[in-house]
Amino acid sequence: MQRTKVKDLLTGAEAGKEVLLKGWVRTKRGNKFVNFIAVNDGSTIHNLQVVADSEHFGEEALKDVTTGASIAVTGELVASQGKGQAYEVQAKTIEVLGKADPETYPLQKKAHSLEYLREIAHLRFRTNTFGAVFRVRNTLAFAVHKFFNERGFVYMHTPIVTASDAEGAGEMFKVTTLDLDNLPRTEEGQIDFKEDFFGRATNLTVSGQLEGELAAMAFSDIYTFGPTFRAENSNTARHLAEFWMIEPEMAFHDLKMNADLAEEFIKYIIREAIEKNADDIEFLGQRLAEEDKSKPQQERQEMTLMEKLEFVVNNSFERITYTEAIDILLNSNHYKKKKFQYDVAWGVDLQSEHERYLVEKHFKKPVIVTDYPKDIKAFYMRLNDDGKTVAAMDILAPGIGEIVGGSQREERYELLVERMKGVGITEEDLWWYLDTRRFGGCPHAGFGLGFERLVQFVTGMGNIRDVIPFPRTPKNAEF
RNA sequence: UCCUCCUUAGCUCAGUUGGUUAGAGCACAUGACUGUUAAUCAUGGGGUCCUUGGUUCAAGCCCAAGAGGGGGAGCCA
């Protein structure tokens with residue numbers, strides 16, 4: 001007999017038929033006469049109830065059917081006599097495929113703290129919360145490809161190992177095969193990377209953007225979606241040392257087209273999650289509502305998770321320039337009452353508290369901030385005609401902060417070289433990048449979107465470590 | 001990296017002014033119960049009070065250092 005997944009069994013399409021069910025036991029309860037076993041196989045947040053009559057199953061037969069065990073059940077799929085579910089399986093046979101000693105199995109049939117579950121990340125997939133989170137993550141990942149594929153973008157695999165350390169996006173992890181206990185030295189006493197695997201110093205990538213631009217100069221529209229590494233000593237709920245980033249790059253796009261695409265993209269993939277994972281999102285929403293009960297009134301959410309997502313999908317993102325953002329902040333009561341810890345002034349980067357005010361208090365929706373001062377942004381961003389600002393854009397999301405960072409790129413050779421010099425990058429460092437400006441260069445734009453931050457936004461999870469299977473953070477690379 | 005809080009049973013947590021045998025709920029085991037929904041009820045077993053050092057007649061509680069974790073900040077996606 002072919003195994004049917006719980007998700008399909010729960011539709012009732014096979015009611016009255018003999019079915020084969022395989023999965024993991026969530027709970028077992030009952031009495032001398034009848035036992036109920038809740039089985040989950042990850043195909044849905046919902047469990048399927050297996051009914052085991054004592055006529056067919058003695059104590060011995062069910063002894064090893066404990067929370068966490070994997071079992072195979074055959075029996076008839078019938079309408080449930082009980083209240084909590086429409087269908088259940090009246091068991092004929094139950095085989096324990098893998099035992100789980102209840103004395104030592106770390107997961108119990110009760111709510112565990114997220115911090116505790118993080119310590120047993122190898123088992124946390126088996127909980128309702130993480131089951132829901134990673135089903136949503138899967139939908140979002142697939143939707144990324146679907147969105148770009150439908151629009152004729154080419155999916156480009158940019159390198160993970162890179163010799164370019166000139167991107168300025170952050171501290172990098174070194175990649176080497178040199179014997180660290182016996183490093184080869186040059187005559188000047190420096191480490192001799194000529195002896196290293198690649199014959200030069202190499203690192204893990206902090207961004208695929210520069211390579212992505214090269215591809216966009218041939219395919220028009222490309223995107224990357226891959227792992228990215230930052231060796232920053234960042235200990236926050238929104239930073240990882242290893243994370244996944246999506247970086248589209250479009251030839252012949254200006255800043256506005258860039259922002260339009262980013263907004264459309266975010267809405268599209270959220271819509272996919274609402275459509276495909278409604279019950280997961282409902283469950284995560286209930287979790288948050290439960291959490292909210294222990295918070296003071298002021299900090300509680302006005303909308304449920306599902307309402308929030310629908311609001312984002314159905315409303316335009318706010319668009320303002322950096323200069324307008326500064327004006328809003330300066331004119332706010334919050335500023336006048338000196339409630340900001342950091343001062344607000346044109347030319348200074350927006351602090352977390354400022355971004356939060358704009359997004360969560362003032363606009364109460366995602367905000368696209370454009371045209372930042374050139375001195376606080378990367379060298380490759382296109383200089384505006386005012387000579388002071390660059391064609392940059394950040395998308396700020398409620399509760400998450402910066403979710404997208406992008407820009408129109410500087411396509412003018414001389415201006416680009418000048419800005420590179422300003423940050424200490426030589427023409428030799430990036431000769432291949434500069435070649436795109438020498439040979440058939442054109443206006444183009446792109447952005448980077450932190451995938452985990454998007455998963456956080458859609459699932460409502462507060463800590464980025466809970467939306468990636470095995471988080472890598474400073475002092476933590478377990479599993 | 002900085003600020004701040006936390007670490008007591010398998011899990012979540014209480015533990016008074018430093019005082020004799022460290023508690024609760026859940027989990028687990030045993031028993032009861034004819035359809036349960038984190039089933040319920042009864043009984044029972046279960047402790048390196050994070051580690052090291054110190055103060056004291058006496059430390060889970062006070063002091064110091066260290067480890068791990070949470071929240072906030074910076075860096076960013």
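Here is how names work: the chains are called A, B, and so on, in the same order as the sequence lines, proteins then strands, and each is numbered from 1.
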Query raised in the report: Looking for any heavy atom pair under 4.0 Å, which part of the strands does Gln85(A) touch: base, sugar-phosphate only, or nothing?
Result: base
**Report entry** Gap in Å between the two C1' atoms, one belonging to U16(B) and one to G53(B), rounded
**Finding:** 28 Å
Report task. Run the ring-centre check on Phe147(A) versus Phe225(A) and record whether the distance is less than 6.0 Å. Result -> no
Query raised in the report: Is there side-chain contact between Thr205(A) and Asn203(A), with heavy atoms separated by less than 4.5 Å?
Result: no
Report task. Quick one: stems involving RNA chain B, counted as three or more successive Watson-Crick or G-U pairs, both distances short of 3.5 Å. Result -> B:1-7 with B:67-73, B:10-13 with B:23-26, B:28-32 with B:40-44, B:50-54 with B:62-66
Requested in this report: With C1' as the reference atom in both, quote the distance from C61(B) to U8(B) in angstrom, rounded to an integer.
Outcome: 11 Å
Query raised in the report: So what does Tyr116(A) hit on the nucleic acid, given a heavy-atom distance under 4.0 Å: a base, only sugar-phosphate, or nothing?
Result: sugar-phosphate
Query - Side chains of Lys92(A) and Glu18(A) in contact at under 4.5 Å (non-hydrogen atoms) - result: yes
Query raised in the report: Centroid-to-centroid, Tyr342(A) to His354(A), below 6.0 Å?
Result: no
Query raised in the report: Base, sugar-phosphate, or nothing: which does Gln81(A) touch, judged by heavy atoms less than 4.0 Å apart?
Result: base
Query - Neighbours of RNA chain B within residues 93-100 of chain A, by heavy-atom distance under 4.0 Å - result: none
Query raised in the report: Under 4.0 angstrom, heavy atoms only, what part of the nucleic acid is Glu55(A) near: base, sugar-phosphate, or nothing?
Result: nothing
